[in-house]
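Just so you know, these numbers come straight off a predicted model, no measurement behind them.
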Amino acid sequence: MKTNTIITIGREYGSAGREIGRKIAEDFGIRLYDKEMLARAAKESGICEEIFESHDEKPTNSFLYSLVMDTYSMGYSGNTYTDMPINHKVFLAQFDTIKKIADEGPCILVGRCADYALESYKNVVSVFIHADLEARIRRIARLYDLTDAKAKDRILKTDKQRSSYYNYYTNKKWSNADSYELCLNSAELGIEGTAKVIEHYVMLKESIKKEDRVL
């Protein structure tokens with residue numbers, strides 16, 4: 001299978017969003033970017049990668065948010081980050097990198113407000129993966145050898161961080177169906193089943209667009 005679509009994946013912690021993305025990437029023969037986005041943003045901006053990791057999908061205060069959005073809307077990019085607060089630099093560098101990656105062709109981008117960064121792109125399908133809390137607790141407890149209580153704490157904390165980050169930096173609401181093109185419960189379909197639904201959706205959408213162009 002081949003695709004011309006860029007797929008962004010938002011995900012609840014423990015819902016296997018990254019694994020689903022990896023399966024789709026393998027089937028389509030395209031690249032998946034998760035932590036790789038941070039490494040590339042660090043390299044291109046000259047900011048230490050550890051700084052990106054320490055700020056990864058973590059919320060900031062509303063005053064800094066307004067500064068970031070004002071600057072971003074004025075078109076700051078590349079190496080124009082001098083004298084900005086570090087949170088500001090990280091945010092702008094990451095958004096620039098997301099756009100550069102998307103300009104290179106079809107791929108899968110996990111988290112980091114990629115759907116918002118690419119909202120002006122025509123060939124993007126934004127997906128949100130969620131799952132029942134109990135299923136996520138079982139998965140995280142198994143993967144990291146945690147008690148159910150500790151797994152639940154980690155899930156709730158991570159989801160809160162991701163939600164706050166997304167809600168600060170976008171004009172949408174994290175996990176709200178209105179914010180995405182497609183929302184799926186991975187606990188119902190499993191990793192392969194959820195990946196197949198997304199793949200079928202992408203291929204169907206592309207075929208409809210081709211028919212429209214012919215008409």
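When all heavy atoms are compared, the tightest approach of Cys113 to Thr170 is SG-CG2, 3.8 Å.
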Would Ser179 and Tyr116 satisfy side chain to side chain contact (heavy atoms under 4.5 Å, CB included), going step by step from the backbone distance to the final call? CA-CA 9 Å; Ser179 299; Tyr116 180 65; over 6 Å; no
Given the rule in the salt bridge (Lys or Arg N to Asp or Glu O under 4.0 Å) test, do Arg11 and Glu57 qualify, once you have shown the distances and angles that lead to the verdict? CA-CA 12 Å; Arg11 72 285 184 229; Glu57 292 189 293; 2.9 Å; yes
Side chain to side chain contact (heavy atoms under 4.5 Å, CB included), that's the test. Do Ile101 and Cys107 meet it? Break it down for me. CA-CA 8 Å; Ile101 290 171; Cys107 59; 3.7 Å; yes
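Every residue meeting the salt bridge (charged side-chain N to carboxylate O under 4.0 Å, His left out) condition with Arg40, not counting sequence neighbours, appears here in chain and number order: Glu44, Glu104. Legend: residues meeting salt bridge (charged side-chain N to carboxylate O under 4.0 Å, His left out) with Glu50, ordered by chain and number and at least two apart, are absent. With sequence neighbours excluded, no residue forms a salt bridge (charged side-chain N to carboxylate O under 4.0 Å, His left out) with Lys43. With sequence neighbours left out, Asp27 forms a salt bridge (charged side-chain N to carboxylate O under 4.0 Å, His left out) with Lys23, Lys196. A search for side chain to side chain donor-acceptor pair (under 3.5 Å) contacts involving Ser163 returns Asn167, not counting sequence neighbours.
When hydrophobic clusters are built by joining Ile, Leu, Val, Met, Phe, Trp and Tyr residues whose side-chain heavy atoms come closer than 4.5 Å, directly or via intermediates, Leu184 is not grouped with Val124. Residues Val202 and Val110 share a hydrophobic cluster, clusters being chains of Ile/Leu/Val/Met/Phe/Trp/Tyr side chains in contact below 4.5 Å. Neither Tyr201 nor Tyr180 shares a network with the other; the hydrophobic side chains, linked directly or stepwise wherever heavy atoms of I, L, V, M, F, W or Y lie under 4.5 Å apart, form separate groups for each.
Applying the ring-ring contact (aromatic ring centres under 6.0 Å, His included) test to residues at least two apart or on different chains, none of the pairs has a partner in residues 26-53. Among residues at least two apart or in separate chains, there is no salt bridge (charged side-chain N to carboxylate O under 4.0 Å, His left out) pair with a member in residues 116-126. Every pair passing salt bridge (charged side-chain N to carboxylate O under 4.0 Å, His left out) that includes a residue from residues 169-180 is listed here, sequence neighbours excluded: Asp115-Lys172.
In this structure, Glu36 contributes its side chain and Asp34 its backbone to a donor-acceptor pair below 3.5 Å. Distance alone, capped at 3.5 Å, is enough to place a donor-acceptor pair between the Ser54 side chain and the Ile51 backbone.
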Report, one line per pair, each donor and acceptor closer than 3.5 Å where one atom sits in a side chain of residues 143-152; sequence neighbours left out.
from   : atom 1 : to     : atom 2 : distance (Å)
Thr147 : OG1    : Lys150 : N      : 3.1

Contacts table for residues 1-10: side-chain donor-acceptor under 3.5 angstrom, sequence neighbours left out:
from : atom 1 : to     : atom 2 : distance (Å)
Thr3 : OG1    : Thr5   : N      : 3.0
Thr3 : OG1    : Glu206 : OE2    : 2.5
Thr5 : OG1    : Glu206 : OE2    : 2.6

Without placing hydrogens or testing angles, list every side-chain donor-acceptor pair under 3.5 Å for residues 126-141, not counting sequence neighbours.
from   : atom 1 : to     : atom 2 : distance (Å)
Ser126 : OG     : Glu181 : N      : 3.0
Asp132 : OD1    : Asn185 : ND2    : 3.4
Arg136 : NE     : Glu12  : OE1    : 3.4
Arg136 : NE     : Ala131 : O      : 3.2
Arg136 : NH1    : Tyr13  : O      : 2.9
Arg136 : NH1    : Asp159 : OD2    : 2.7
Arg139 : NH2    : Glu19  : OE1    : 3.2
Arg139 : NH2    : Glu19  : OE2    : 3.2

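Atom NE2 of His55 sits about 10.0 Å away from atom OH of Tyr165, to the nearest 0.5 Å. With rounding to the nearest 0.5 angstrom, the OG atom of Ser15 is 6.0 Å from the CD1 atom of Ile20. Remark: Leu109 CG to Lys99 NZ distance equals 11.5 Å, nearest 0.5 Å. The CD1 atom of Ile198 lies 14.0 Å from the CE atom of Met203; values are rounded to the nearest 0.5 Å.
No hydrogens or angles considered: nothing links the side chains of Asn176 and Tyr166 as a donor-acceptor pair under 3.5 Å.
Separation of the Phe91 and Tyr169 ring centroids falls under the 6.0 Å cut-off.
A salt bridge is absent between Arg112 and Glu53: the closest approach of a Lys/Arg side-chain nitrogen to an acidic carboxylate oxygen does not fall below 4.0 angstrom.
In the displayed structure, Glu192 atom CD is contacted under 6.0 Å by at most 12 heavy atoms of other residues, nucleotides or ligands.
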